[in-house]
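Have a look at the structure below before the remarks.
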Amino acid sequence: MPKKNMGVSEMAKEKQFSRRDFLKTTGVATGGIIGGSLLGGLIGFNMDGTENTSTDTKSESSESSSEGLIIPEKGRIFFSKDEDFKVIEAAMERIFPDSDIGPGAKELGAAYFLDGQLAGAYGNNSREYMQGPFYEGTATQGYQSNLNRAEYFTLGIRKLQEESNDRFEKSFAELEAGEQDEILKDFEDDKVDFDIPRSTATAGYFFQLLREATLEGVYSDPIYRGNRNMGGWKMKQFPGHQHSYLNLIDSDEFQDIEPMPNFG
Amino acid sequence: MVKELEKVDVVTIGAGWTGGIVAAETAKAGLKVKSLERGGYRDTNDYQRVHDELKYAQRYELMQDTSVETLTFRNKRDERALPVRRLGSFLPGNGRGGAGTHWNGQTDRYMAYDFEIKSMTEKKYGKDKLGEDSGLRYRDWGITFDEMEKYYDKFEKTAGVSGEENPLGEKRSSPYPNPPMIKTKSLKLFEEAAKKLELHPVMMPSANMSQNYTNPDGEKLNQCQYCAFCERFACEYDAKATPDVTVLRTAEKTGNYEIRYNSNVTEIVTDEKDKNKVTGVKFIDTETREEYFQPADVVVLTSFLFNNYKLLRVSEIGEQYDPETETGTLGSNYCYQTGLGATGFFDEQYNTFMGAGALGMILDDFNGDNFDHEDLDFIHGGSIHFTQTGLRPILNNKVREGTPAWGEEFKKESVENFTRTLEVYSMAHTGPHRDHYLDLDDTYKDAYDNPQVMLTYNWTEQDNARNKYLTEKCAEIVEKMGAKHIDVQNGDLGDYDIVPYQSTNISGGTPMGTDPKNSVVNTWLQHWDRDNLFVAGSSTFVHNSGNNPTGTVGAFAYRCAEGIIKYHKDNQRLED
Ligand SMILES: Cc1cc2nc3c(=O)[nH]c(=O)nc-3n(C[C@H](O)[C@H](O)[C@H](O)COP(=O)(O)OP(=O)(O)OC[C@H]3O[C@@H](n4cnc5c(N)ncnc54)[C@H](O)[C@@H]3O)c2cc1C
Ligand code: SF4
């Protein structure tokens with residue numbers, strides 16, 4: 001508990017120390033200062049000073065909440081053209097469509113997820129080996145393109161549009177579901193010729209990227225802007241981030257648990 | 001200008017399990033020890049927001065950055081090797097604790113049969129059984145299980161392994177330091193089914209703590225919370241034995257140990273005056289890009305398989321293996337494991353999203369030579385596993401064979417099956433083959449201008465036959481568990497694929513032995529050509545077993561540390 005007549009910074013220091021002492025007595029993370037996340041979740045320990053902890057946790061979360069920050073639901077940073085975004089949104093919706101068991105990729109915001117990803121390390125392949133020379137690999141050698149994912153998706157969307165215009169004289173986003181599926185199936189089967197070296201890009205590999213990104217978009221933590229309202233998790237009965245299952249792990253009953261995001 | 005640092009007694013290259021064990025033991029013995037670790041510092045404070053599947057399991061936050069260093073790969077010698085641009089099949093570690101930070105903690109021992117595979121097989125089935133004609137190159141390790149037992153025991157106590165006596169296991173000198181993990185409903189279902197088939201399931205030996213535990217070095221670990229973000233994640237509870245919370249802390253407590261982070265070793269330097277010795281290592285500070293020389297009495301390569309091989313090769317220590325002539329040893333004996341099984345689809349829902357990295361049951365009835373191979377066209381076998389490691393939704397989308405991979409039907413099935421599929425799978429041995437090896441690839445360079453390692457690897461006929469046998473055994477168990485539908489992965493393995501994650505259980509490249517003609521190090525892991533150079537890790541394995549490797553990796557690291565202490569005292573080669 002903070003003592004009276006203390007300066008703000010002293011108080012902050014005191015708070016940190018008491019938390020560290022607490023952690024020492026429980027034997028967890030002896031090295032430093034830990035946020036509220038862990039403390040709430042420790043089950044199976046002898047927790048003296050719980051009161052102290054819960055006030056700490058509360059004050060910390062109110063400290064870090066910044067009022068007035070509004071992220072527009074439909075805000076984008078990567079896709080500058082509306083039409084491109086509509087195409088990718090429509091394609092993702094066919095991969096994971098709205099149905100009687102729950103929302104589809106569109107409602108879950110999977111395309112907004114991809115928008116954020118393509119603007120960052122994933123889109124730039126920053127943690128991947130991108131030195132040449134580039135050759136088309138065998139099926140077992142994996143990603144060999146000279147393009148990064150941001151470029152690959154841009155190209156893939158262009159090819160979806162070309163294919164759609166050739167076959168139906170419409171934008172991919174405006175096609176009937178069945179027509180969209182027909183094109184996507186040909187992409188999946190690598191039957192669409194991109195008319196560029198296969199070492200650069202293929203329809204088949206673009207489809208794989210698209211499918212993988214869709215699943216990531218519907219099931220990743222909502223902090224990444226997909227899985228809206230945790231609808232993907234609710235549908236799959238995945239409880240997201242729970243601190244501990246120690247008290248439930250030996251239960252013979254199925255546990256339907258309200259999901260929690262990583263930053264709840 | 002290369003800056004020269006103050007000499008130490010022992011330098012390890014890397015600070016994972018092997019580096020940590022060697023550091024802890026030698027520092028406790030009073031030697032001045034330093035680890036050079038290419039990655040950064042990290043500890044439990046970094047893991048308070050670790051329950052993020054995308055960041056850790058999909059984007060490999062804690063693992064090796066391939067833009068800095070990767071390998072190239074091909075299935076066959078006549079193919080062009082191409083770089084592994086994105087990690088896949090295996091996930092090498094990086095930073096304090098290495099891969100031990102994000103391992104599962106399944107802590108097995110190898111079998112007596114593993115260490116003497118050639119002589120035991122030959123004696124029982126005759127020489128032909130070893131498949132020499134098909135290119136397989138089996139040999140004994142040069143050490144027996146009985147000689148290794150005390151080191152296994154030591155590692156298990158350090159790591160607080162929980163488990164129960166395995167009726168098919170080798171004799172133990174003492175029981176597991178902790179009781180088994182909690183047996184869940186689905187584990188019980190597996191156990192009952194296996195017992196009905198007269199098999200011998202036991203709780204999987206686990207380095208996730210079944211209770212609060214203090215290890216012999218005084219390091220405290222907490223009870224596992226079954227939080228389900230374990231494999232590929234770090235533990236926010238100090239409940240998983242990792243190098244960070246055990247051996248590295250032990251080494252640091254002595255006051256004789258220091259880790260220098262962001263220090264990427266690029267060369268081991270041979271003594272110009274005495275070609276049988278090394279003088280230290282060169283490394284690059286990855287932040288400042290300055291180059292340093294770290295002199296040491298003893299150098300220990302603990303940088304995981306690929307870099308254990310690579311640093312020897314670029315430093316021109318030892319002779320590269322040539323598959324054409326089968327001469328040279330460096331790069332030989334690379335092996336992997338198959339890990340397929342059978343998936344059961346059930347009506348009932350299970351708490352598949354709860355679990356721990358090493359929560360499971362295991363049986364050895366079809367492992368090693370525990371079953372008769374007279375009429376089979378393969379040797380060895382594998383352990384059979386049923387685990388509850390905690391499923392997460394991006395990576396787990398089970399559908400029955402033949403179901404489309406996308407669209408409404410896919411969605412319905414994959415969503416429903418998330419809690420309704422249970423999988424029994426094998427972890428199977430593969431043997432050393434003439435054509436499977438490591439080399440350097442001069443076409444592709446790493447960030448320090450060294451060539452990338454080149455891997456040539458494929459499945460063999462024996463691997464196919466073994467996999468078919470084991471996956472069908474898995475299917476029998478799944479059937480007894482009452483599945484309404486079963487998919488079995490008993491088809492042809494095809495070519496080994498570097499893309500999907502299989503396991504980080506790779507071995508070989510710097511194999512041990514008793515003869516410098518076919519090995520790189522002796523059974524103390526001392527290099528044949530440099531007396532004060534040691535190499536620890538699965539790179540020293542002669543073949544890959546039907547069990548997880550790290551129990552054996554840890555046991556040999558303890559033996560190696562004992563050898564280093566002895567060597568540092570009397571400067572004698574250890575095999576003499
Ligand atoms: C997801 C996952 C799950 C696993 N689960 C299990 C399991 O359940 N059971 C089991 O037995 N095994 C498991 N393993 C394998 C286990 O993690 C390894 O066997 C073990 O950690 C290897 O220890 P090591 O010390 O040999 O190598 P590492 O832990 O890889 O340590 C090597 C260190 O060296 C550093 N390094 C590399 N090159 C250099 C250089 N040039 N200069 C400086 N430093 C360098 C690296 O950064 C790294 O920190 C798993 C692995 C992974 C990735
Ligand atoms: S499952 Fe257990 S050991 Fe693994 S990360 Fe969670 S609490 Fe730690």
Side-chain angles (χ1 to χ4, degrees), chain A residues 27-29 31-35 37-38 41-45 94-97 99 101-102 121-122 126-131 133 135 137-144 181 211 215-216 219-221 224 232-233 235-239 241-246 248-252 254-255 262-263, chain B residues 43-45 48-49 51-54 58-60 65-67 70 73-75 79-80 82-86 88 182-185 212 220 222-228 236-238 349-351 353-355 392-394 397 405-408 411-412 415 418-419 443-445 495-499:
Chain A
V28 179
I33 299 140
I34 290 189
S37 138
L38 169 68
L42 271 184
I43 301 175
F45 293 104
R94 292 317 302 152
I95 307 271
F96 199 87
S99 68
I101 64 159
Y122 168 87
S126 344
R127 294 185 73 229
E128 280 153 42
Y129 189 73
M130 293 300 284
Q131 311 296 318
Y135 300 99
T138 63
T140 59
Q141 287 177 313
Y143 194 91
Q144 293 300 335
D181 287 357
R211 178 184 180 272
L215 291 174
E216 288 178 351
Y219 290 133
S220 55
D221 191 277
Y224 298 103
W233 287 354
M235 182 168 29
K236 216 167 182 173
Q237 291 172 290
F238 175 67
H241 154 62
Q242 303 288 327
H243 292 290
S244 171
Y245 292 117
L246 183 59
L248 294 171
I249 188 76
D250 60 352
S251 162
D252 282 348
F254 179 72
Q255 303 291 324
N262 199 13
F263 289 83
Chain B
D43 68 19
T44 310
N45 296 298
Q48 299 311 307
R49 300 289 180 183
H51 290 187
D52 181 338
E53 185 185 12
L54 185 77
Q58 292 285 98
R59 304 282 185 259
Y60 309 136
D65 178 348
T66 62
S67 76
T70 185
F73 163 72
R74 60 184 182 181
N75 286 120
E79 288 174 356
R80 188 205 314 265
L82 292 177
V84 174
R85 298 185 178 280
R86 177 189 191 186
I182 293 169
K183 202 177 285 174
T184 64
K185 184 181 182 179
N212 290 357
K220 288 192 167 58
N222 296 311
Q223 182 179 14
C224 169
Q225 302 295 303
Y226 299 84
C227 80
E236 71 270 42
Y237 296 106
D238 288 1
Q349 287 186 283
Y350 292 89
N351 294 316
F353 49 81
M354 303 178 187
R392 293 168 297 271
I394 300 175
N397 293 287
W406 54 285
E408 191 169 334
K411 179 186 173 193
K412 183 167 190 295
V415 165
F418 185 62
T419 53
T443 310
Y444 296 97
K445 298 266 194 283
D495 288 328
Y496 163 64
D497 188 348
I498 201 87
V499 180

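Letters go in sequence order (proteins before strands), and every chain restarts at 1.
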Of the backbone (N, CA, C, O) and the side chain (C-beta and beyond), which part of A/Ala139 lies under 4.5 Å from a heavy atom of chain B, both, or neither?
backbone
Name the member of A/Asp221, A/Asp250, A/Asp181 that forms the most heavy-atom pairs with chain B at distances under 4.5 Å.
A/Asp181
Can you say whether B/Gln58 sits under 4.5 Å from chain A via the side chain, the backbone, both, or neither, judging by heavy atoms?
side chain
If one checks every heavy atom of B/Asn351 against chain A at 4.5 Å, the contacting part turns out to be both
Please check: side-chain N/O of B/Arg85 versus main-chain N/O of A/Tyr129, any donor-acceptor pairing under 3.5 Å?
yes
For chain B, which of A/Ser99, A/Pro133, A/Pro239 has the most heavy-atom pairs under 4.5 Å?
A/Pro133
Leading residue by heavy atom contact count with chain A [cutoff under 4.5 Å; candidates B/Asn397, B/Asn75, B/Thr184]:
B/Asn397
Side chain / backbone / both / neither for B/Tyr350 at chain A, heavy atoms under 4.5 Å:
backbone
Looking only at heavy atoms and a cut-off of under 4.5 Å, which of B/Val499, B/Val415, B/Asp495, B/Thr70 has the most pairs with chain A?
B/Val415
Most heavy-atom pairs under 4.5 angstrom with chain A, which of B/Lys412, B/Glu408, B/Arg80?
B/Arg80
Output yes when A/Asp252 and B/Lys185 qualify as a salt bridge under the 4.0 Å nitrogen-oxygen rule, no when they do not.
no
Could you walk me through whether B/Phe418 and B/Phe353 pass the ring-ring contact (aromatic ring centres under 6.0 Å, His included) check?
CA-CA 8 Å; B/Phe418 185 62; B/Phe353 49 81; 7.1 Å; no
Can you tell me which of A/Ile95, A/Leu248, A/Thr138 forms the most heavy-atom pairs within a distance under 4.5 Å of chain B?
A/Ile95
Under 4.5 Å from a heavy atom of chain A, the part of B/Thr443 involved:
both
Ignoring hydrogens and geometry, is there a side-chain-to-backbone donor-acceptor pair from B/Arg74 to B/Glu79 under 3.5 Å?
yes
Residue part contacting chain B, namely of A/Phe263, when any heavy atom lies under 4.5 Å:
both
Set out, in order, the CA-CA distance, both residues' side-chain angles and the distance that settles side-chain contact (heavy atoms from CB on, under 4.5 Å) for B/Thr66 and B/Arg86, then state yes or no.
CA-CA 7 Å; B/Thr66 62; B/Arg86 177 189 191 186; 5.9 Å; no
Structural part of A/Arg127 lying under 4.5 Å from a heavy atom of chain B
both
Chain A contact via B/Leu82 - which portion, at a heavy-atom distance below 4.5 Å:
both
Rounded to the nearest 0.5 Å, what separates atom CD1 in A/Ile249 from atom CD in A/Gln255?
10.0 Å
Could you tell me if B/Glu236 and A/His243 have a donor-acceptor pair between their side chains, going purely by distance under 3.5 Å?
no
Can you name the nearest heavy-atom pair linking A/Thr140 to B/Phe73, along with the distance?
O-CE2, 3.5 Å
Side chain of B/Trp406, backbone of A/Phe96: donor and acceptor closer than 3.5 Å?
no
Indicate the atoms forming the closest heavy-atom contact of A/Pro97 with B/Gly407, along with that distance.
CD-C, 3.6 Å
Looking only at A/Met130, A/Gln237, A/Gln242, the option with the highest number of non-hydrogen pairs under 4.5 Å against chain B is A/Gln237
